[in-house]
Structures are given as structure tokens and as C-alpha cells.
Amino acid sequence: MLLIECPFCGARPELEFVYGGEAHIARPAADADLTPGQWAAYLYARSNTRGVHAERWRHTRGCGRFFNALRDTTTDQFIATYEIGQARPPSVPAQKIP
Amino acid sequence: MNASGPQESAQPNRLAGAGLIDRIRPLSFQFDGKRYTGFDGDTLASALLAAGVRLVGRSFKYHRPRGILTAGSEEPNALVELRSGSRREANTRATVVELFEGLEARSQNRWPSLALDVGAVNSLFAPIFVAGFYYKTFMWPAVLWEKLYEPVIRRAAGLGRASTEADPDTYEKAYAFCDVLIIGAGPAGLAAALSTARSGARVILCDEDFLLGGRLNGERYEIDGVSGPAWTRQVEAELRASPETRILRRTTVFGVYDGGMSGTHTFAALQRVSDHLAIPPAHQPRQRLWRIIAQRTVLAAGALERPIVFGGNDRPGVMMASAVRTYVNRFGVIPGRHAALFTTSDDGWKTAFDLAAAGVRLAAIIDARSVVAPVLTEEAKRLDTRVFCGAQVVDAHGSRALERITVREDAGRLSQLQIDTLAVSGGWNPNVALCTHLGGRPRWSDAIAAFVPGDVPRGMAVVGAAAGSFSLKDALREGAAAGAAAAEATGFKSVKHREPRVTDELTAVVPLWCVSESKTKAFVDFQHDVTREDVALAAREGFSSVELLKRYTTLGMATDQGKTSSLNGHAIMAALTERAIPELGTTTSRPPYTPVALAAFAGVHRGKHFKPTRLTSGHAWAEGRGATFMESGEWLRAQWFAAPGETDWLTIITREVRAVRSGVGVCDVSTLGKIDIQGEDAAAFLDRVYINLFSTLPIGKVRYGLMLREDGLVLDDGTSARLAPQQYLMSTTTANAAKVMRHLEHARQVLWPELDVQIVSVTEQWAQYAIAGPNARRLLERLLGDAIDVSNAAFPYLACAEFSWRGVTARLFRISFSGELAYELAVPARYGDAAIRAIMSAGEDFGITPYGIEALGAMRIEKGHVTGNELNGTTTAADLGLGRMMSKKKDFIGRVLARRAGLADANRAALVGIKPTDKSARLYAGAHFLTLGAEVSLQNDQGYVTSVAFSPMLGHWIGLGLLVRGQERLGERIRAHSPIRGGDVDVEVVASVFFDPEGARLQS
């Protein structure tokens, strides 16, 4: 079981968390003039990163807060967690854990 | 009273004096209905061997007689049905079943009896039961699959029978955290535990056996001048006295799972808390599933001795050499009187010497190696035992058990030996399973001719036999060093201690995978009856990779997962295809290491305990009124309230609906989602999540709202009330309450964190009752008195208020799902029971009728209100006739994508009402619409019926449905066709509101 560092509660077991999709995807502004393709990209296109991925998590069975995390999708290693609205931290390449 | 005769006759193979069994505690048990006696400390296997029972089962495919091969959890042959009735368990390994008084076991896969098995005739047809025979034999004709092949195969293939009764035992889950987890309590694990425990670190030591010690219990080792078991007891005593050390016996660590950073991992372990007892003691689970989170791990899981593949190597009486030693030394049992040894390793010779020490002189030692260390051969000579070097056992013979072997001597001469027991040692395979669960690959070692740990999970040290270090000295040294290092790594100071004195051992091995000259069936995988010929066939037919070999022949796919068979099979394949074993590779080992009962994974979460059952605060009252309940999400809601004598549901809900529409009724609506929304930007927030405006809603008013997903489809509907300038109370459907809450949290926290708005679910904080019908106002006047003015002028349709009633904060909403003059009265949940009783008593003079959700459903269909059936994730606001609610003055979730071509298509199905042309016809939800006269086909599909009800007010069935261009087709006659439920009815398309379309009643 992974321990995930909630920015508000500290390290907690993964059972308390729910994955929330890719992070840093901004909803288009109300007055944005987007093509249907751009809307489709906002809704459906995800990067499917192999390696360090910025994603949303929610501490559902804890404080209920959403936050962002950098996770290496090849090792399942969490590299950093940070609050919604903060810039993505530098992606230190994760060390390989077999 | 048991075992009336002398002990010798009851347990002919029990040695006097020896072993780690308690001879003053005899235990009686039954095998295949016959009574036997063993001792406390026995396994079922050792007790059967002591009693002289050699034949314990029949094999899977050929129904060959099988005996006991090993003394551990890797056992492929001795699978029995244990216990009876609801506790009957199939495929338990007799080698790990602890004997208890009254144990009952039965052999499997035989009919009519173990000795005479009709299925053994399969052996005569062996040529057709080769690898891949299912694929080849049962291909054609296809129609026979269901009728003939599958039932026959299923009957033939079952190993044991599971109980069909409910499991009477309980299972639980537990969590543990430690600095260092030590897996295996053999010499290496005990040494690791000692050095870790002495540092003060938190240690968990697990072993699958019921005794600590591992091989120390099965060998005649001396450590520091005392016997292995005596040394183990000393160590165990010290560990037990160490406050931070926890010893889990009977506990198999069966899987390694994700950890965090820096080497922490989670391990799954199964503790067999009560399996050694007839039934679990009161308040004790049968088994406990542990999740152990450890910063560092020492893997000391030992090694498994491998068989040699030769003809008849599955005959009862052929046994692993180390298992023979275990039975002799640990259990005081000699498996047979006339024994021989077939070995390719120095280690195997210990068996000859241990048997000699127990008073059994071996008929012969057959070592496949031409050159053997003189110290071994000299000892054999001293014991007057014949030694054949460079020789092989070609075939083992016997009908129900081993009687004779054919030996090919060095010079090629064949000779026969009459024996009943053959100990076999093909070398040892390190138990690397737990190293590979996170994807690490093992590495080939030529030195020991086996795979050893390669990439191991970070933070895990592998020691002793598991690492390929087979001498006791190495095991103790490596264990102590790894334990100290693990302690240091977790911040503790390790204490240097003296290395124990042990004697040196010889551990050389030259592998012999397979005896090529065997004339009879030579088994690779005992449990799945995979022979050398099957591997050869796979090679000839091109299934030569380890993965294809496994799937084509089922090698390694049985419940033992190939513990004794995989490497032999791979080595034979490598030789046949002229590749080196490391080049061929090995299959991936995955959790669980040994079988785990599904009940252990379920734990307490079974039946009604799988998920919570939520009860409203009026539940006890509804029960008292004789309500019939149904599940609605996790909630139990009253479906209807049968009056005395009423048995037909339609009669009941017709009465309930008529009572509401003509007088007054009450319905518990507490389960609807309630979300309190507050803050400076609460109004702006609601404008963004609903398609219609809420910032314009006056204080003290309620408005119906619809929310979309960002893709433009409807998410949910409900009303929101404005209680204060910065406070709204949103209601959601019962089913979608959690989903809407998640949606709002995401919008608030992720999409618009800049908005000042807080939300909280208050569903469980408030009890809420709908009071509906022409007499609703008169009832409330009587009930609420001066607390609030409910006159139409002061409290019109869609009004809301919070007020104090009998010293309690209450809320009143004038909203109506039934279409009647109706109110919803909410009180804090703890007053819910009192409130419903007060409502009933105030309504007594008005003939108040409680109604359930079936009557509510019928009334909402009469009114054309949509609910979950229509808000089904495929409909748009326009489909539901609510398109005009979409505000053009603001942005909201789903605004742009609701306008995309596919969702704005005029040909989409839209909500309509239907009624049968023949008023006596019944309608069925799920029926599909067809134009009259059109052929029943997918191309002609015109939509479907979403909801139906018998309308008590109209006297016939009515329905709602989604019909292509439905709004243009009012008055048309179409067909509602339901081949599944049998309905095929002509219906007329009508407006979706059937009753009081002007809404006069709810305004009154």
C-alpha cells in the first residue's frame, strides 16, 4: 500500500485517496471561442504519460481536499504533492524501484 | 476411546522417542472413514505415514495413485478434502494440515473408492490425453460443447468438492507497521530476527509453519553444541522477551505490493488463526488477512527441493529426500522399511545417514554423479550401504505404491531393487517468489543450477537458502548481517554478536533434470499430470517459450503453481530446443504464493456487511406501520404500506395514490440528497453549475434546477432553496447525491478555487417529509399552529422558510413531486421520528395515508416528472423538454457542448407520454418503439419506454419514453415491443403530463 502525502494532512494510506485525472487542465474561459476540436481536446485528450505525470488526487476519506501530485507512472512512485493552483514542481526523474 | 490396540499396530511406522511431537497427547482422526491415531505436533501427512497409509489421492488427469511427496506447502499430490458439512474444504495439502482431535479427511478425485478408481481407465487412453487435448479433441462438432464435452470435462476435472453451504466462520483483516519484516523463521530468518530485535527495532517475524525453525526441525544440525530445535527454542524465548518483536506463526506472507519511497513496501500475509482446531474458539476468526507495512524486509523463505523426472516418479513411496528427513527427524516417522536414495547432490546423502541413525539401513544410494566426495562414500561404506555412482533410477514400478525400481548402473547394466520408499534429491531451488512480485527477474546461477534473486524490491535483503546459500553457516551469517543492516537502515544501532559454531557441510550439486531412458510415464508436473512426453510434444509443435509451454501443457498452472515442477519442465524444454536455461527464462510468479481462501479477502465484508444499510430517522415508525421496504442506493425506503388484508401491490398503491389525490398523504423523502451551499459567491457558483439562473432567486423561494455534465448531457435535477442571501440548500435525487457532491467539490476546488463558497452534505442531518394532497394545508395549520403562516398568500407555491417549531429549527418548502398541493417539512434528524408521529396524529382527522415510493412513482409519471430512468446519462435538457431552461445570459458547465451537432440534432429521441390503445393492456418499461407495420429490427428502432405505471386516476397503464422526434409525433399510434418481457402493445403518443396539465392543484 502506498503512503500518499496529502498537502493538508500529511502521509496517509492510499485507501483514503481517489484519483482525479490529469492535473493542470484549465477549463476554457466563458468567452473563449474554441473549435469543437479544441473542446473535445479539453474534455477527452489526456497525455497518457509514461514517466512523471502531473495528476489530481482527492483525499476523499480524509480532509476532502483536491491536490496535485507528480507520480511516475512506470514505478508508481509519488515524487511530489502540491496544492491546486500552485505551479508544477520540477520533475526530478524518479529512481527506478523494481 | 480410541486406539485400543498396542501403539505399534496403530502406528507401525512411528519411531520410538524421536521427534518434535507430544507423545502423551494422542489424537484420533479419520481418513476415508477409517479411524487412525496420531500425536499433537503431527501434520495429517506425518500421521498418515505413521499409520502406514501411503496412497492418499488420485491424480487429476490419469487418476494415478498418489502419495505424499513433500513435507511442506509445495505439496502437489497429497490434496484432501478436509472437514465436513459447511466447513468442508477442497484441495487442502495434507502436509500442512495440523492434526487435531476428530479431524476428518477424505481423498479426492476417485470413484468409487481410492483403491479401486474407475477413472484410472484414463491411463489406458493416455495417448489422447496429451498436452493440448482439450483444444484438439473437443473442437467439433461445436454443438456438443455445451451438451456433452463441457459437463463431462467439468465432472472429470474437479479436484475436490467445495461446500455448498454458507461458511459459518468469520475472517478478519488487520494492519501492522514495522521497521523490519522477516519472512521465514528458519536459521537465516531467526539469525536476522535476533540481530534486528537486539537493536530495538520493531520486528515482525512470520513463518507459515506452526513451529519456528524451518529446516532446523527436519535436520540433525548442532548449533553452539545444542540441537537445532533446542537452539530455536532459545532464540524464540529471547525474541518473545523482546518488547518490539512480534512473532506470527502459521502466517504465510503471500504477496509484495506497492510501497512508498525509500524501500517501504506492503506485504499481504494470511494467518491461519484457527485452522489447527476443529472449530474456531468463540470470538476468534478462522483466518486473518494482514497488511504489513515494513520499511525493510529480510527474505529468508528458504528453498524447495526439486524432484527428478524419471519413469514412475509419481508412485506413492517416491518422496523428496528432505521430506524423508523431516518425517524421520521432526515427526519420528519412517516412511518405509526398505528405502533407497536417488540423488544428484551432496545434500541428499544426509537422508541416508539420518535413516541409518534411525535404524533403517538403505538398500542403495544411487548418485547420478560419477564422482562424489570421498567423505560421503566412506560414511556409506561404514554404514554398509551399497553405493552406485554415475547411476540412475530409470523406472519405478508398483501398482498402488512403490514396489521395485530399475537402476541403470555406471556400466549400463540394469538391475532391479525391491524397495517401498525412494528418497529423491535433484538439488534445491531458492524460493524467489517474493522477489519477483514487483517485476524483478531472477538470475540463473550455474553454481547451484537454479534461479537466484536478481533485481529484488528495494529495501529487501535475501538471505540463506532463498539466496542460494545452502549451508547452515552461510544462512546464520547472512541472516545476522542482513538483520543488522536493516536495523541500521531504519535508524537503530545494531549490536555485534558472536557467530554461532556449526559444522561444515557439503552442498555440491550436478543437475539431472530428466532420466532419458525411462520406459514409463515420467512426470514433470504431478498435480496437473504433465509428463516429459507432453513437454516434448509442446517442443515439436512449436510451443517452446516458457509462457506457451505453460499454457499448452498446463505445466505450473495447478494450485501448487509449479513449485516443484516449473524448473524441471523448463530445463527439459531447454535441452530439447538446444538452448541454455537462462536463455529460455522463467515464468513470472505472482501473488498469492500459496492458495488463499476468497473469504479471507472478503473479511467481514460479506452479505449485508458488504455495504452500509442507511435508515432514515422515520424507519422505526414505518416498520410499525407495516411498510414493505426496498433498497434505493444504500437506503431502505418504504415501497408501500399494506393495509390489513391487502396482498396485491397494485391494489395498495392505487389506494395510496387515490388517498393523496383526494385527501392527504405523507411520504418520507429524507433520502434525497441535501447540500448546504454558503459563501459570498454561493449564487455565482450555482449559476455556473445549473443551466438556469439562481442568483436571481429571491430569498425565501425555491427553484427547480437542472445540471449538466461538461459534455452537455444531463447530470441530475432537483430544487434549490435560497434560505439567506449567501445560503442555498440544494436537493438532489437519492441515487445521484454522492455523484453531485463530487461534481460540486470538483467545480469548487479545481475549476474555480477563486470562488468564496463552501459546501457540505446535510443529507443525514435532516429528516424530511412530503405532505401532499388537497388537505395538506389544513393539516399543517393544525400541526404547526402559530409557528408559521402557511396560507396561500403568505406561503405560495415555491415558497420556503426556516422557523422555530416547538423549540426546534424546522424548514418548510412548498414544492410538489406528486402534483398536489404539497409541502416538505424538514426537522433535524434526531426529531425525525417525533415529527412523523406528530404529522400522523395531526392528520388523523383528515384520514392521512402514508405512501411509499411506488405510489410516489405512479404520481410523478402521471405528472410527467423525470427521474433516474430518464436522467440516464444519455439525455440532454432538450431531450427532456427542458431545453428552454438553458440560460443564454451566463456560462455554465455543459453550455457549449450541449450545442454540439450530435446533441442538437432534431432527430434525437425526445420525452413523450404513451398510453395503450387498448386500455386494458399493460405496458412494460424497456419496450422499444416501432412504427406500426415496421419489421422488428434494430434499423427500425424508434426509441424506448423509460417508465411505466398503472395510473389510478386514469384507470389504465401510462408510460414515459424517449421517441425519435417525439414532440412532433403527438397523436401518432406506434408499437411498444418488448420481446424479453412479452409485451407487444399499440400505444398512442401523448404529452408527457397526464394529470392536471395546468398545475391548478399544486397552486391551490
Side-chain angles (χ1 to χ4, degrees), chain A residues 1-5 7-8 11-15 18 20-44 55-60 63-68 71-72 74-81 83-86 92 94-98, chain B residues 175 177 256-268 291-293 295 435-441 453-460 687-688 709-712 738 741-742 745-754 758-761 889-897 899-902:
Chain A
M1 186 166 47
L2 293 166
L3 291 178
I4 298 175
E5 186 84 18
F8 310 97
R12 309 290 305 166
E14 63 173 306
L15 297 176
V18 172
E22 187 168 351
H24 303 297
I25 292 177
R27 186 172 186 272
D31 54 357
D33 187 19
L34 266 55
T35 63
Q38 287 169 315
W39 270 101
Y42 158 66
L43 256 192
Y44 302 115
E55 56 200 20
R56 291 183 204 121
W57 284 78
R58 186 172 176 220
H59 194 188
T60 308
C63 63
R65 299 284 292 270
F66 278 91
F67 60 90
N68 290 337
R71 183 178 62 96
D72 189 318
T74 62
T75 61
D76 219 10
Q77 185 178 359
F78 279 77
I79 295 154
T81 55
E83 291 182 37
I84 296 278
Q86 287 181 342
V92 188
Q95 285 163 295
K96 189 173 179 338
I97 294 183
Chain B
Y175 291 79
F177 297 82
V256 187
Y257 299 89
D258 280 330
M261 301 171 204
S262 71
T264 299
H265 291 292
T266 300
F267 296 82
R291 275 184 224 216
I292 302 173
I293 294 94
Q295 291 192 59
C435 307
T436 63
H437 284 179
L438 293 182
R441 305 298 296 176
D455 315 316
V456 301
R458 191 193 245 235
M460 177 186 278
D687 279 350
R688 295 186 192 188
R709 312 190 306 215
E710 192 69 280
D711 66 4
M741 190 69 193
R742 273 201 303 277
E745 284 288 4
H746 177 261
R748 181 181 78 87
Q749 294 189 44
V750 177
L751 298 182
W752 307 302
E754 69 280 5
Q758 298 296 324
I759 65 175
V760 63
S761 167
K889 297 180 195 148
K890 55 157 191 162
D891 186 29
F892 57 86
I893 291 176
R895 175 183 64 101
V896 174
L897 290 169
R899 297 193 306 242
R900 62 191 153 131

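First the proteins, then the strands, lettered A, B, ... as listed; each starts at 1.
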Undergrad: Counting only heavy atoms closer than 4.5 Å, note whether B:R895 contacts chain A via side chain, backbone, both or neither.
TA: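 For B:R895, the side chain is the part near chain A, not the backbone.
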Undergrad: Which residues in residues 32-44 of chain A have a heavy atom less than 4.5 Å from any heavy atom of chain B?
TA: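 So far as heavy atoms go, A:W39, A:Y42, A:L43, A:Y44 are the residues that approach chain B to under 4.5 Å.
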Undergrad: Decide yes or no for A:R58 and B:H746: does some side-chain heavy atom of the first lie under 4.5 Å from some side-chain heavy atom of the second?
TA: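 Answer no - side chains too far apart.
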Undergrad: How would you list, by chain and number, every residue that makes a side chain to side chain donor-acceptor pair (under 3.5 Å) with B:R709, sequence neighbours excluded?
TA: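 Testing B:R709 for side chain to side chain donor-acceptor pair (under 3.5 Å), a comparison that skips the adjacent residues, returns B:D711.
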Undergrad: Under a 4.5 Å cut-off applied to non-hydrogen side-chain atoms, are B:E745 and A:R65 in contact?
TA: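 B:E745 vs A:R65: side chains apart.
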Undergrad: Under 4.5 Å between any side-chain heavy atoms of A:T75 and B:R458, yes or no?
TA: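 In short, these two side chains do not touch, never coming nearer than 4.5 Å.
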Undergrad: How far does CD1 of B:I293 sit from CG of A:L3, to the nearest 0.5 angstrom?
TA: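 Reported value, rounded in 0.5 Å steps: 7.0 Å.
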Undergrad: Is the shortest heavy-atom distance from the side chain of B:Q749 to the side chain of A:I84 under 4.5 Å?
TA: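 Contact flag for B:Q749/A:I84 side chains = no.
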Undergrad: Side-chain contact test, heavy atoms from C-beta onward, threshold under 4.5 Å: evaluate it for A:R27 versus B:I893 and give yes or no.
TA: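 Counting from C-beta outward, A:R27 and B:I893 do come under 4.5 Å.
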Undergrad: Got a second to check how far B:D258's CG is from A:Q77's CD, nearest 0.5 Å?
TA: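 Taking CG in B:D258 and CD in A:Q77, the distance rounds to 10.5 Å.
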